[in-house]
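Notes for the one structure printed next.
Computation of the quantities below employed the complete heavy-atom set of this structure, encompassing side-chain atoms and omitting hydrogens, waters and symmetry-equivalent molecules.
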2 protein chains.
Amino acid sequence: MLMEEPQVGTRERLLELSAQLFRERGFHATSMRDIARAAHMQPASIYHHFPGKESILHELMRGFLMELLHSAANASDQAADATGRLAAFMRTHIRLHATRAMVALVTDSELRALKDPARREVVMLRDRYEQLLQDILRQGVQEGLMYVPDVKIASYQLLALGTGVVFWWRPDGRLSLEEIVEQHVGAAFGICGVGRGKRG
Amino acid sequence: MLMEEPQVGTRERLLELSAQLFRERGFHATSMRDIARAAHMQPASIYHHFPGKESILHELMRGFLMELLHSAANASDQAADATGRLAAFMRTHIRLHATRAMVALVTDSELRALKDPARREVVMLRDRYEQLLQDILRQGVQEGLMYVPDVKIASYQLLALGTGVVFWWRPDGRLSLEEIVEQHVGAAFGICGVGRGKRG
DNA sequence: CAATTAACCTAACGAGCGTTCGGCAGGGGG
DNA sequence: CCCCCTGCCGAACGCTCGTTAGGTTAATTG
């Protein structure tokens, strides 16, 4: 026991490299040999850190969703009203989806590849996240600050909006991340009819 | 020559079944044997209709994108102003994405699986489609009917909004397709600031 | 009726897959 | 000093993959 921690754990490096490869080629098109080659080891060595290929995907998804849940809960707790909470939610959602684009895209697009004990857990986490957003919307409607025909559908629209960023955002793009974040907050307000009054 | 057409061509049936399987499991997780089993034939027989697995995906994507382009061009030509064209664009986009959900999801999520002669063609078709939407937005901004900070980003937002429908829509769901379509037209107007005046 | 062709079959190929087995280096603890 | 545990390795397992070769059938054509 009581070893000093390595600078960056092999396990974490494997997770990061896997996310990169899963994003580029997709889960099923990425082989353990691909991951091993990227990490400069033999395929067999990976099994010292993970019980199998699917568990790498599982870990990636669970980690990202927990991070999302944590950030969203924190951010929207500090806001005064529902529009502030919505803005905070969208801001952390998009920031995390942009800065951790590899894992984000994998989490959003490779659910199919997970089999049922792991899959169920990930779906549950995602549902909790959606619930968080729907609570904000319900509060906003009740307070008369937002106008949405249907809370569930509006939440899908907002998540699609924020998640879509991972497909095209590049750190060296034309606009800064914060500009994009604010444009998406604006779009989210537009969808929810913020500042429109009770009748559209 | 001059054979009577079969009721439904084997080729078309293969395309439809492949789309279904690609959607459920993903392209790389679907084998030729899976497709053959679904079509009640032997794997080798598929090669009488397609030169390979990838060409099935290519055909699916090209077909759907051409349908999308055709519908969008037709629909928005019949509208009077930019807001009408935007509404028409979103309506056909969402209707096609809902009624042809299998192919739509595959088209939107399996681009990675295509190699470069085919991939380039599909990307070109998709770019033409995006261009169509961006033209509408530019026109709307010029006419003072819409307010968007950035046309390109707004188009990404609108496409993410409309494409997201395939992930959750079910024909026997709580709301009818037309209700959902109209809620998305509303959301699109919200994003573009329709009916807001030049200053938000 | 002979020739051709479309549509499908059985069988198999080589390659690559996820995974497992047994072993080897090396450093800290008893 | 020896043991054991961690981290890694080389080699191989059984399996499935996309694809191909070659043959059979039934319908169409000249």
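By the salt bridge (charged side-chain N to carboxylate O under 4.0 Å, His left out) test, B:Glu179 is found to be paired with no residue, residues two or more places apart in sequence or in another chain being considered. Under the rule for a side chain to side chain contact (heavy atoms under 4.5 Å, CB included), the partners of B:Tyr129 that lie at least two apart in sequence or sit in another chain are B:Leu68, B:Leu69, B:Ala72, B:Phe89, B:His93, B:Leu159. Looking at residues two or more places apart in sequence or on another chain, you find a side chain to side chain contact (heavy atoms under 4.5 Å, CB included) between A:Leu17 and A:Arg13, A:Ala38, A:Ala39. In this structure, the side chain to side chain contact (heavy atoms under 4.5 Å, CB included) partners of B:Pro149, at least two apart in sequence or on a different chain, are A:Gln183.
The stretch residues 17-29 of chain A has no heavy atom under 4.0 Å from DNA chain D, so no residue of it qualifies as close.
For residues 165-192 of chain A, the set of pairs meeting the ring-ring contact (aromatic ring centres under 6.0 Å, His included) definition, not counting sequence neighbours, comprises A:Trp168-B:Tyr156. Here ring-ring contact (aromatic ring centres under 6.0 Å, His included) pairs that include residues 34-54 of chain B, with residues two or more places apart or in two chains, number zero. Counting only residues at least two apart or on different chains, no salt bridge (Lys or Arg N to Asp or Glu O under 4.0 Å) pair has a member in residues 157-169 of chain B.
Side chain of B:Arg112 to backbone of A:Arg23: a donor-acceptor contact under 3.5 angstrom is found.
Protein atom CD1 of A:Ile46 is 17 Å distant from nucleotide atom C1' of D:dT6, rounded to whole Å. Remark: C1' of D:dT16 and CZ of B:Arg37 are 11 Å apart, rounded to the nearest angstrom.
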Distances under 3.5 Å between protein N/O atoms and the N/O atoms of nucleotides 9-13 of chain C, please, pair by pair.
{"residue": "C:dC9", "atom": "OP2", "partner": "B:Gln42", "partner atom": "N", "Å": "2.6"}
{"residue": "C:dC9", "atom": "OP2", "partner": "B:Ser45", "partner atom": "OG", "Å": "2.5"}
{"residue": "C:dT10", "atom": "OP2", "partner": "B:Gln42", "partner atom": "OE1", "Å": "3.4"}
{"residue": "C:dT10", "atom": "OP2", "partner": "B:Gln42", "partner atom": "NE2", "Å": "3.3"}

